[in-house]
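Everything on this sheet refers to the single structure shown next.
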Amino acid sequence: MGELLDAFQLGVRAMFAYQAVFFALLAIGLNLHFGYTGLLNFGQIAFAMVGGYGIAISVAQWDLPFWVGVVVGLGAAVILALLLGLPTLRLRADYLAIVTIATAEALRLLFRSVGSTEVTGSTEGLFDFNSSFFTWCPWSVSGRFDILGTRWRGSELWVITIGWSIVLLSCLLVWALMRSPWGRVLRAVREDEDAARALGKNVYAFKMQSLVLGGIFGALGGMVYAVGTGSQNPDQYQNANTFLAYGALILGGAARVLGPVIGAMLLWFIIAFSDSALAALVSGDNSFFGLFEWGDLLSTTDIAYIRFIIIGLGLMLLMIFRPQGILGDRREVMLDAR
Amino acid sequence: MPADQPPGATAASGLSKAPAATTASAPPARLAQAALRDVPWEIGVAKPDPAIVVDGVTRTFGGLTAVSVDHLEVQRGGITGLIGPNGAGKTTLFNLLTGFDQPNSGTWSFDGRSLGRLSPHQVARLGVVRTFQLTKALSRLTVLQNMLLGAKDQRGEGFFRSLVPGVWRKQEAANTEKALDLLARFKLDAKKDDFAGTLSGGQRKLLEMARALMSDPKVVMLDEPMAGVNPALTQSLLGHVKDLREQGMTVIFVEHDMDVVRDISDWVVVMAAGRVIAEGPPESISQNQAVVDAYLGAHHDAPLTVEEEDRVLAEAEAAIAREHGPSGDVLDSETTRKGTQR
């Protein structure tokens, strides 16, 4: 029982760790794209990558100040969004999906290619770009802090403080936008582009604005992740993360301001909790009602896969019994089913 | 804007043009009808005060010519019905006029301003709004939100301005008031907070029309507004369409129900196979041979009485005989030809 409690504690800790911030920001961007505007962006991780590398390359390779790195990262995300959107947003939704998924993979391969070693560090990655970020930390970076039974290093605490502040501000921004006429047009575009056009709305411009803003959220997520890990490697930005972020979004409820945040936290709770709970189950002498030993059935290496199976099962059950997600409006989702 | 009236003034000017309308209990003078009285019933005829002028517009899809209109003028302030059998190119013409499709050639203008190469939202902003054959209610927006979307020149639709509610709140309140008025007129006010997706088909038609009116349009183009609507609702929709004319708007609508067309239109344009085959006031259309042929086929007029049947048969035989040669009746010509061949 004590092990289960420990696992629970680790799960709670993971809800607030910088990985959760990362996914929350990815999902906030996707929420804007997919939840509100109906854009199928399957390469959100590419925005995170240009954001993270914006800092890493600027600071580690070009010796620029940290804040310049942030500006570079955000600028790169805007440019990426424009490049993706210009040719595809006039076309049907599928084309954006195709282009984004290909771009995410192509960019990762480009960043890890030998030819780009001088800039991106290739597979060796980049280090030492977040030290100035920690000099701004008001408390001791190397100190240890116990908060509600969870242990945090000072540096981690600083990253997540800034990270969750960004999440909070992003949510405020999305909330402010979505209650305005601008947000109403976005939702109209999601429902029917032609109807929005017939009412005099420049659909292309609205889709582009949405793509850029959502991409900026993704880039901010990548920055938090880069600063949190302290190293940059292209393979951290596998496109599977985009789909995990979609999972978080759907879990929390799409087209809800807090949906992606709740979803990301819950996703990380499930991952961390099942990870340590299964590990405890396998390592101890636990048997299934005396029939067989869990340790004989599963090895510690299986756990990494099993937790994703659990997430998959959870999402399936959610889709069957609560298709609107945790925060969603059932009436709204049911309209879609017709 | 080349238009001489601001959009808000259309209703008022419509009234000032017809002062009798406000005093008399009789239906307002159908100005367009009066203006069109002396216009000859010819294809491409010039109207006294055209709002929309179409010149040489063609649109082909591969080998199929969907639309090929040489010249067409639409009278301002009137209801122009656009009819024709399925596949006549009515909806394609609508799409071309509203920028949803671009023609292969030709020019068309609204209030003297060319609409060529304008995108749909630009056309809409000029005051030409349309509805769709398959209603496009924005399902997961409430009825009221649907209405508010229709309003023009919203300050809160700019990205940065939307973040400052003070900039758009007042306009939003005014728009909401207008939307509620319109919803009350269309008897949808009880539904204002429901998702548009929960409305019935007929209510969606009403909503789409009401939403189009939010922008104070000058020209309203209705694509089959009565399709799939029950007869009771048809009457109320008809009333709304007539209201539009009384407010000085120009209405173009596609419809299949001839009773409806006859009832409300001032002028009817008939299309078939992409061309305008006839135009004139509604009463002229049912007598027009080209129209009858287009709808029913050239040989639809099968004889109704025995005498007629005999006469038609005789005519047909004579015609065949003429084709086969100058001499004798049909049978004779057959035999003589066989004879000569041997």
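For clarity, every value in this text was computed on a predicted model and none was experimentally measured. Letters A, B, ... are given to chains in the order of the sequence lines, protein chains preceding strands, and every chain is numbered from 1.
- In this structure, chain B has no heavy atom under 4.5 Å from any part of A:Y204.
- The line from CG of A:D194 to CG of B:L134 is 11.5 Å long, rounded to the nearest 0.5 Å.
- Here NZ of B:K136 is found 10.0 Å from CD of A:E193. Values are rounded to the nearest 0.5 Å.
- For residues 161-190 of chain A, heavy-atom neighbours of chain B at less than 4.5 Å comprise A:L173, A:A176, A:L177, A:R179, A:S180, A:P181, A:W182, A:R184, A:V185, A:R187, A:A188, A:R190, sorted by residue number.
- A:D192 CG to B:L141 CG: the interatomic distance, rounded to the nearest 0.5 Å, is 11.5 Å.
- Residues from residues 88-101 of chain A never place a non-hydrogen atom less than 4.5 Å from a non-hydrogen atom of chain B.
- The parts of B:F159 that come within reach of chain A are both its backbone and its side chain, each placing non-hydrogen atoms under 4.5 angstrom from that chain.
- Among the candidates B:Q154, B:M214, B:Q171, the residue making the largest number of heavy-atom pairs closer than 4.5 Å to chain A is B:Q154.
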Distance-only check: which donor-acceptor pairs under 3.5 Å involve side-chain atoms of residues 316-323 of chain A, not counting sequence neighbours?
residue : atom : partner : partner atom : Å
A:R322  : NE   : A:G325  : O            : 2.8
A:R322  : NH2  : A:I326  : O            : 2.9

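- Every residue meeting the side chain to side chain donor-acceptor pair (under 3.5 Å) condition with B:K178, not counting sequence neighbours, appears here in chain and number order: B:D216.
- With respect to chain A, the highest number of heavy-atom pairs below 4.5 Å among B:V129, B:L163, B:N175 belongs to B:L163.
- Residues B:H121 and A:K201 approach most closely at CB-O, 3.2 Å, considering heavy atoms.
- Shown are B:L138, B:L149, B:N146; of these, the side chain to side chain contact (heavy atoms under 4.5 Å, CB included) with A:E191 is made only by B:L138.
- What you find for A:A198 and B:F132 is that their closest heavy atoms are CB-CE1, 3.7 Å.
- For B:A151, the part lying under 4.5 angstrom from a heavy atom of chain A is the backbone only.
- For B:R211, the parts lying near chain A are the backbone and the side chain together; criterion is any non-hydrogen pair under 4.5 Å.
- Environment of CZ in A:F34: sparse, with no more than 12 heavy atoms of neighbouring residues, nucleotides or ligands closer than 6.0 Å.
- Not one N or O on the side chain of B:K152 forms a donor-acceptor pair closer than 3.5 Å with the backbone of A:G200.
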**Request:** Could you check B:R125 against A:N202 for side-chain contact (heavy atoms from CB on, under 4.5 Å), going step by step and ending with a plain yes or no?
**Result:** CA-CA 10 Å; B:R125 283 176 193 176; A:N202 187 351; 4.0 Å; yes

